Amino acid sequence: MSIFSHPAYDKHEQVAFYQDASSGLKAIIAVHNTNLGPSLGGCRMWPYADDGEALNDVLRLSRGMTYKSAMAGLRLGGGKSVIIGDPRKQKTPELLRAMGDFINTLSGRYITAEDSGTSVEDMHIIGEHTEYVSGLIEGSEHGGDPSPSTAYGVFVGLKAAVEHRWGKSDLNGLKVSVQGVGNVGFRLAKLLREAGAELYVTDIFQDNVDRAVNELDAKAVNAEEIFDLDVDLFAPCAMGAILNDDTIARLRAGAIAGAANNQLAEERHAEVLREKGILYSPDYVINAGGIIDVYYQQQAGYDPQRVQEHIETIGVTMQEVFQRAEETGQTTAHVADRVAEERFGHEDTVKKTDSAAA
Ligand code: NAD
């Protein structure tokens, strides 16, 4: 397995592998960039088909965290960890403590948090063996879960998209389709409903759909129908790669603003959206509420008001990205990438900026 020539390798500073025979832990930590601070990113546990799939995931996800934290104005770098295994069958306290030992070997260059397949409770167990773990705050309303903050950040960013696309701040009567009404999607839908939006929802779990229908007066549609609706805005809050040739051709929304990570199947789909006149909210900019919250959980004296104010800056950043994209004729995804790279000092962008200035 190659690292330095791997397609997802992007000047990562460090990639560490670990196995612990007694607990069965097999894990990888990738530290992409620490120019702005220690790398922080979730610990994902997933039954990867093979080691290559796990490596690909951790390289891509850790890079994404660098961009996300830089855009959110945090003094953090980008990192991520993956545990290879089925969380429903193989997750034990011993395995999680061994993960804590692994994280300790990086001496604080990587700080972990919850992610798919891990929970706040798991972070407490990892925290028995390492201090480099976040998302553990006691006594707060959300108990360390970043999802409410992510949903709030998406709501703020979505309003910026509506403002830019239609020149209005009122969401009353706006038709919004939400794909995935789980931890983030349901909370986002609730905020939208409270603001007067008309909701269309889908989810692969019927009880999640029922909750949105019963509590938020949402209309349920099936998993495929969600792409064909005559709505104003599409909010993808389920899985990645959802914006592809097939779905973009079908979408009738004028804007996209959702929580899912890696929404574009390929980079070029940002251009396909632009050509179709659909305003795309770059995923890692709009879904940064959770990392902002987790960052403050790391600091002494967690202040929910301060966290909320920081999350609200997502709206300003989104407006700047939309504006710059409009002025330059570039895609919003391209603009966000360049701004993030300027902030964390990506060598290529800094060189280009320097030579343009010279
Ligand atoms: P979740 O698992 O609680 O919710 C996702 C929902 O999507 C589930 O209810 C699931 O059944 C549904 N779903 C999956 N595939 C679907 C499909 N094909 N069609 C319709 N519904 C489908 O996860 P979450 O924490 O709400 O995260 C949602 C997305 O936001 C993920 O992509 C995640 O990576 C991203 N995200 C989450 C956070 C956070 O703080 N939780 C932060 C940043 C990004």
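Everything numeric in this text was worked out from a predicted model, so none of it was measured. Values reported hereafter were calculated over all heavy atoms of this structure, with side chains retained and with hydrogens, waters and symmetry mates removed.
Sparse packing is recorded around CH2 of Trp46, with 12 or fewer heavy atoms of other residues, nucleotides or ligands lying under 6.0 Å away. Within a 6.0 Å radius of CD in Glu267, no more than 12 heavy atoms belonging to other residues, nucleotides or ligands are found. Open room surrounds NZ on Lys26; 12 or fewer heavy atoms of other groups in view lie less than 6.0 Å from it. In Phe205, the CZ atom is not crowded: 12 or fewer heavy atoms of neighbouring residues, nucleotides or ligands sit closer than 6.0 Å. Taking a 6.0 Å sphere around CZ of Arg343, one finds it holds more than 12 heavy atoms contributed by other residues, nucleotides or ligands.
Using a 4.5 Å heavy-atom cutoff, the side chains of Ile103 and Val133 are not in contact. Ile125 places none of its side-chain heavy atoms less than 4.5 Å from the side chain of Glu121. Looking at heavy atoms from C-beta onward, Ile28 lies out of side-chain contact with Leu59 at the 4.5 angstrom threshold. Using a 4.5 Å cut-off on side-chain heavy atoms (C-beta onward), Ile256 and Leu273 make contact. When side chains are defined from C-beta on, Val58 does not count as touching Tyr48, because their heavy atoms never get closer than 4.5 Å. The closest side-chain heavy-atom distance from His6 to Asn56 is below 4.5 Å. Within the 4.5 Å cutoff, side-chain heavy atoms of Ile292 are placed close to those of Ile314. Looking only at side-chain heavy atoms (C-beta outward), Asp293 and Tyr152 stay at 4.5 Å or farther from each other.
Gly173 and Asp232 get closest at one heavy-atom pair: O-OD2, 4.3 Å. The nearest pair of heavy atoms linking Asp145 to Glu114 is OD1-OE2, 3.4 Å. Closest approach of Arg165 to Gly254, counting heavy atoms only: NE-O, 2.9 Å. Shortest non-hydrogen contact noted between Asp115 and Cys43 is CB-O, 3.3 Å. Arg193 and Leu216 make their closest contact through CD-O, 2.9 Å (heavy atoms, listed as atom of the first residue, atom of the second, distance). Nearest heavy atoms, Ala238 versus Ala260: N-CB, 4.0 Å.
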Next on the checklist: Could you go through Leu192 and Leu188, starting from their C-alpha distance and side-chain angles, then the distance that decides it, and tell me whether this counts as side-chain contact (heavy atoms from CB on, under 4.5 Å)?
Outcome noted: CA-CA 6 Å; Leu192 287 166; Leu188 171 66; 3.9 Å; yes

Next on the checklist: Please determine whether side-chain contact (heavy atoms from CB on, under 4.5 Å) holds for the pair Asp50 and Glu53, giving the CA-CA distance in whole Å, both sets of side-chain angles, and the decisive distance to 0.1 Å.
Outcome noted: CA-CA 6 Å; Asp50 53 46; Glu53 198 181 88; 3.6 Å; yes

Checklist entry - Should Leu229 and Arg252 be marked as a side-chain contact (heavy atoms from CB on, under 4.5 Å) after you check the CA-CA gap, both sets of side-chain angles, and the distance that decides it? => result CA-CA 7 Å; Leu229 297 175; Arg252 294 157 77 186; over 6 Å; no

Item to check | Residues Asp217, Glu198; criterion side-chain contact (heavy atoms from CB on, under 4.5 Å); working and verdict | outcome: CA-CA 8 Å; Asp217 199 20; Glu198 233 180 86; over 6 Å; no

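Side-chain rings of Tyr110 and Tyr132 stay apart, their centers remaining 6.0 Å or farther from each other.
The cluster map of Ile, Leu, Val, Met, Phe, Trp and Tyr, joined by side-chain heavy atoms under 4.5 Å apart, puts Val294 and Leu106 in the same cluster.
Judged by distance alone, with hydrogens and angles left aside, the side-chain atoms of Thr130 form no donor-acceptor pair with the main-chain N or O of Ile126 at under 3.5 Å. Here the side chain of Lys68 pairs no donor or acceptor atom with the backbone of Ile291 at under 3.5 angstrom. A donor-acceptor contact shorter than 3.5 Å is absent between the side chain of Lys91 and the backbone of Met45. A donor-acceptor contact shorter than 3.5 Å links the side chain of Ser119 to the backbone of Asp122. Looking only at distances, no side-chain donor or acceptor of Ser69 sits under 3.5 Å from a matching main-chain atom of Leu74. Formation of a donor-acceptor pair under 3.5 Å by the Ser39 side chain with backbone atoms of Val31 is not found in this model. Side-chain N or O atoms of Ser134 include none that pairs as donor or acceptor with a backbone N or O of Gln297 at under 3.5 Å. Judged purely by atom type and a 3.5 angstrom limit, Asn35 uses its side chain to pair as donor or acceptor with the backbone of Phe344.
A salt bridge links Glu224 with Arg250: the distance from a Lys NZ or Arg NE/NH1/NH2 to an Asp or Glu carboxylate oxygen falls below 4.0 Å. Taking 4.0 Å as the cut-off between side-chain N and carboxylate O, Arg324 and Glu342 count as a salt-bridged pair. For the pair Glu163 and Lys159, the salt-bridge criterion is not met [side-chain N within less than 4.0 Å of a carboxylate O].
Note on ring orientation: taking the six-membered ring where Trp is involved, the planes of Phe322 and His164 are tilted (angle from 30° to 60°).
For the side-chain hydrogen bond (donor to acceptor under 3.5 Å, both in side chains) with Ser62, the qualifying choice from His32, Lys80, His12, Glu13 is His12, the only one to do so.
Thr34 contributes atom OG1, which lies 4.5 Å from atom CZ of Arg109 (distance to the nearest 0.5 angstrom). Note that the CD1 atom of Ile83 and the OH atom of Tyr18 stand 11.5 Å from one another [nearest 0.5 Å].
For Arg274, the salt bridge (charged side-chain N to carboxylate O under 4.0 Å, His left out) criterion is met by Glu271, not counting sequence neighbours.
When only modelled atom types and interatomic distance are considered, Asp337 and Tyr284 share a side-chain donor-acceptor pair under 3.5 Å. Under the 3.5 Å distance criterion, with hydrogens and angles disregarded, no donor-acceptor pair is assigned to the side chains of Asn104 and His129.
For the side-chain hydrogen bond (donor to acceptor under 3.5 Å, both in side chains) condition, the pairs that include at least one residue of residues 205-215, sequence neighbours left out, are Gln206-Asp210.
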